[in-house]
Amino acid sequence: MPEDRLVGDSMKNKNVVVIGTHWGDEGKGKIVDLLTESVAAVVRFQGGHNAGHTLVVEGNKTVLHLIPSGILHPTVQCLIGNGVVLSIPDLFKEIKELEEAGVEVRNRLMLSLDCPLIMPYHIALDVSVEKERGNRKIGTTGRGIGPAYEDKVGRRGLRLRDLLDEQQLLFKLEGILKQHNFMLEQYYGAEPVTLEACLAASLAYLDELKPMMGDVLSQLAMLRRNGQAVLFEGAQGALLDIDHGTYPFVTSSNTTAGAISSGCGVGPLHLDYILGITKAYTTRVGEGPFPTELHDSVGIHLAEKGHEFGATTGRPRRCGWLDVCALQRVVEMNSLTGLCITKLDVLDGLDSVAICVDYQEHSDGQITPVYETLAGWQEASVGVKQYQDLPQNAQVYLDRIEALCGIPVDVISTGPDRAETILKRPIL
Ligand code: GDP
Ligand code: IMO
Ligand code: MG
């Protein structure tokens, strides 16, 4: 990579974005937590509590679903933008867990008044729709994400600000319940959802919510005017994007960098550095195509050594070789500046490693990956903090990814802990 790329110019990168490049769980949470050290605020702009972002600091593990992964840094603001679908009971479950662990949350958390609410009927619908689809199911997290976004786009959804007018809220809820209960009872043969259950999941929290409600767009504009750095935390991954992903086996939001402007109100020209988080191999939870999936001893090695179980649902993750063919498209659709390769240590001990560089399409519609095979490495990369200390063949592997993607690998993660990271070039 040419050295004249000034990614390390600390005056330049004020607004830094973290995006998952495949089907989620690439290690975004760890990297957001690490980079938070240098920012004033961290923002979520899409998705909901379908996300599971794991942070490990000095051996202590925290899993976040809705609250931005900057929360462990005591002075940092955490913002939830209008693009995030909000389950209020789940938000408070997470706040309370953090408070019990001694982390102050409420004074630093701002929720956009325009966040669409996930209500009990969304969860009931998510479960019913999946059941109805049978073996065509998506394998959702069952958190009501899809139905909540459907209500938003259908212009009938409730937003956080609707809690401020009780009479109007009751009026809107009655109409929505009538429609969704009709579907639940008459079409899916499921139990209807009561008004009481909806109020218990929303209005009951109003007094606690009020101090956290705010104008996220204005807050971000103010930070920008003051020259303060902000981190934008993507959830899921680019291949789960509703438009660019493996439709219909996707989530219901745009998970790519284009979603930042609509999801929290920061204009596209105000983004300075977009970091793609890429696992050194590829995983997927739920159904859908996965060309490089492995069912052999290497697949077992990756699942076991990588502890590949979902941070939200606990489901085993499917594992396979790194799909660079898909990654090349992801670099384009997100205008990625650089890559962070995570879980490199999981490849330690393999005789050889493979990278998918193309797909072969067959007449029956099947797709098989075309691989480039590189020598593996027996030395340990786990916990390595300097690039030159990595096993030689691991460096060759990273160099090959750079060359195939045309962007630099600026960060390498060699273990789950915040400290187990190589910052090849500074980002903030
Ligand atoms: P996210 O959804 O992208 O934030 O990722 P998850 O937290 O769902 O999954 C990543 C998992 O890998 C978590 O259990 C992390 O603690 C772990 N992890 C992150 N980076 C590394 C790494 O470099 N090496 C290893 N061995 N584990 C890592
Ligand atoms: P993080 O942020 C991995 C997957 C589900 C399912 C599909 C649709 O931790 O990377 P949904 O409940 O969103 O309607 O499910 O998307 N999925 C994830 N997979 N990581 C995630 O988040 C995911 N969020 C949703 O497994 O296949
Ligand atoms: Mg996850």
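Whatever order the structure lists them in is the order used to number ligands and atoms, beginning at 1.
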### Query
Evaluating non-hydrogen atoms only, which member of Ile138, Leu240, Val63 is closest to atom 17 (N) of ligand 2?
Leu240
### Query
Of the options Arg318, Arg315, Lys343, which is the one that meets Glu308 in a salt bridge (Lys or Arg N to Asp or Glu O under 4.0 Å)?
Lys343
#### Entry: Proximal atoms of ligand 2 relative to Ala235 (non-hydrogen, under 4.0 Å)
2 (O)
### Task
With heavy atoms of Gly52 as the reference, note each atom of ligand 2 found under 4.0 Å away.
1 (P), 9 (O)
### Query
Does Glu191 CD have over 12 foreign heavy atoms under 6.0 Å away?
no
### Query
Which protein heavy atom lies closest to atom 19 (N) of ligand 2, and at what distance to 0.1 Å?
Trp23 O, 3.6 Å
### Query
For ligand 1, which atoms sit closer than 4.0 Å to a heavy atom of Gly415?
20 (N), 21 (C), 22 (C), 23 (O), 24 (N), 25 (C)
### Query
Under a heavy-atom criterion of less than 4.0 Å, does Arg315 contact ligand 2?
yes
### Message
Show me which atoms of ligand 2 lie under 4.0 Å from any heavy atom of Asp25.
### Response
1 (P), 3 (C), 9 (O), 10 (O), 20 (N)
### Query
Hey, is Lys14 close enough to Asp272 for a salt bridge, meaning N to O under 4.0 Å?
no
#### Entry: Top protein contact for atom 15 (C) of ligand 1, by heavy-atom distance
Thr54 CB, 3.9 Å
### Query
At a 4.0 Å threshold, what atoms of ligand 1 neighbour a non-hydrogen atom of Lys30?
20 (N)
### Query
Would Lys28 count as a contact of ligand 2 if the rule is a heavy atom under 4.0 Å away?
yes
### Query
Out of Thr283, Thr255, Thr140, Leu64, whose heavy atom is nearest to atom 15 (O) of ligand 2?
Thr140
### Message
Does the residue Ala311 have a heavy-atom contact with ligand 2, meaning some pair of atoms that are separated by less than 4.0 Å?
### Response
no
### Query
Where the closest heavy atom to atom 8 (C) of ligand 2 is concerned, which of Val250, Val129, Thr141 has it?
Val250
### Task
Kindly confirm whether the Mg ion (ligand 3) is within less than 2.8 Å of some N/O/S atom in Lys28?
no
### Heavy-atom nearest neighbour in the protein, as seen from atom 10 (C) of ligand 1, with distance rounded to 0.1 Å
Asp25 O, 3.8 Å
### Query
ligand 2 and Thr251, any nitrogen or oxygen pair closer than 3.5 angstrom?
yes
### Query
Which residue owns the protein heavy atom closest to atom 27 (O) of ligand 2, what's the atom, and how far is it?
Val285 O, 3.2 Å
### Message
With heavy-atom distances below 4.0 Å as the criterion, list the atoms of ligand 1 near Gly29.
### Response
4 (O)
### Query
In the protein, what heavy atom is nearest to atom 27 (N) of ligand 1, and what distance, to one decimal place, separates them?
Lys343 CE, 3.4 Å
### Task
State the CG-OG distance between Asn393 and Ser381, to the nearest 0.5 angstrom.
12.0 Å
### Message
I need the Ile407 CD1 to Leu327 CG distance, nearest 0.5 Å.
### Response
7.0 Å
### Task
Would you check the N or O atoms of Ser252, main chain and side chain alike, for any that come under 3.5 Å of an N or O of ligand 2?
no
### Message
At less than 4.0 angstrom from any non-hydrogen atom of His53, what atoms of ligand 1 do you find?
### Response
1 (P), 2 (O), 4 (O), 7 (O)
### Task
Could you see which bit of Thr414 sits under 4.0 Å from ligand 1, with heavy atoms only: side chain, backbone, both or neither?
backbone
### Query
If you measure from each heavy atom of Arg317 to ligand 1, is any distance below 4.0 Å?
yes
### Summary
The reported gap from CG in Leu239 to OG1 in Thr251 (rounded to nearest 0.5 angstrom) is 13.0 Å
### atom 24 (N) of ligand 1: the protein heavy-atom neighbour that sits closest, reported with distance to 0.1 Å
Asp345 OD1, 2.8 Å
### Message
Please list, in number order, the atoms of ligand 2 under 4.0 Å from a heavy atom of Ala51.
### Response
1 (P), 2 (O), 9 (O), 22 (O)
### Pair Arg106 + Glu99, salt bridge at N-O below 4.0 Å
yes
### Close N or O approach (Leu344, ligand 1; < 3.5 Å)
no
### Proximal candidate to atom 6 (P) of ligand 1 [heavy atom criterion; set Gly24, Ala51, Gly52, Cys340]
Gly52
### Task
With heavy atoms only and a cut-off of under 4.0 Å, state how Arg284 meets ligand 2: side chain, backbone, both or neither.
neither
### Task
Would you mind listing which atoms of ligand 1 come within a distance below 4.0 Å of any non-hydrogen atom of Ser413?
20 (N), 21 (C), 22 (C), 23 (O)
#### Entry: Working for side chain to side chain contact (heavy atoms under 4.5 Å, CB included), residues Lys279 and Leu322
CA-CA 8 Å; Lys279 211 178 268 191; Leu322 176 61; over 6 Å; no
### Query
Going by heavy atoms, is Gly20 under 4.0 Å from ligand 2?
no
### Query
Could you state the interatomic distance from CG (Asp241) to OG1 (Thr255), rounded to the nearest 0.5 Å?
4.0 Å
### Message
Regarding Glu402 and Lys424, does a basic nitrogen lie under 4.0 Å from an acidic carboxylate oxygen?
### Response
yes
### Query
Gln236: heavy atom below 4.0 Å from ligand 2, yes or no?
yes
### Query
For Glu58, does the CD atom have more than 12 heavy-atom neighbours from other residues, nucleotides or ligands under 6.0 Å away?
no
### Minimum heavy-atom distance Gly314-Phe309, with the two atoms named
O-CD2, 3.7 Å
### Message
Between Arg284 and Pro289, is there a side-chain heavy-atom distance shorter than 4.5 Å?
### Response
yes
### Query
With respect to the Mg ion (ligand 3), what is the nearest N, O or S atom of Asp25?
OD1
#### Entry: Minimum non-hydrogen distance to atom 5 (C) of ligand 2, winning option of Gly24, Gly139, Gly286
Gly139
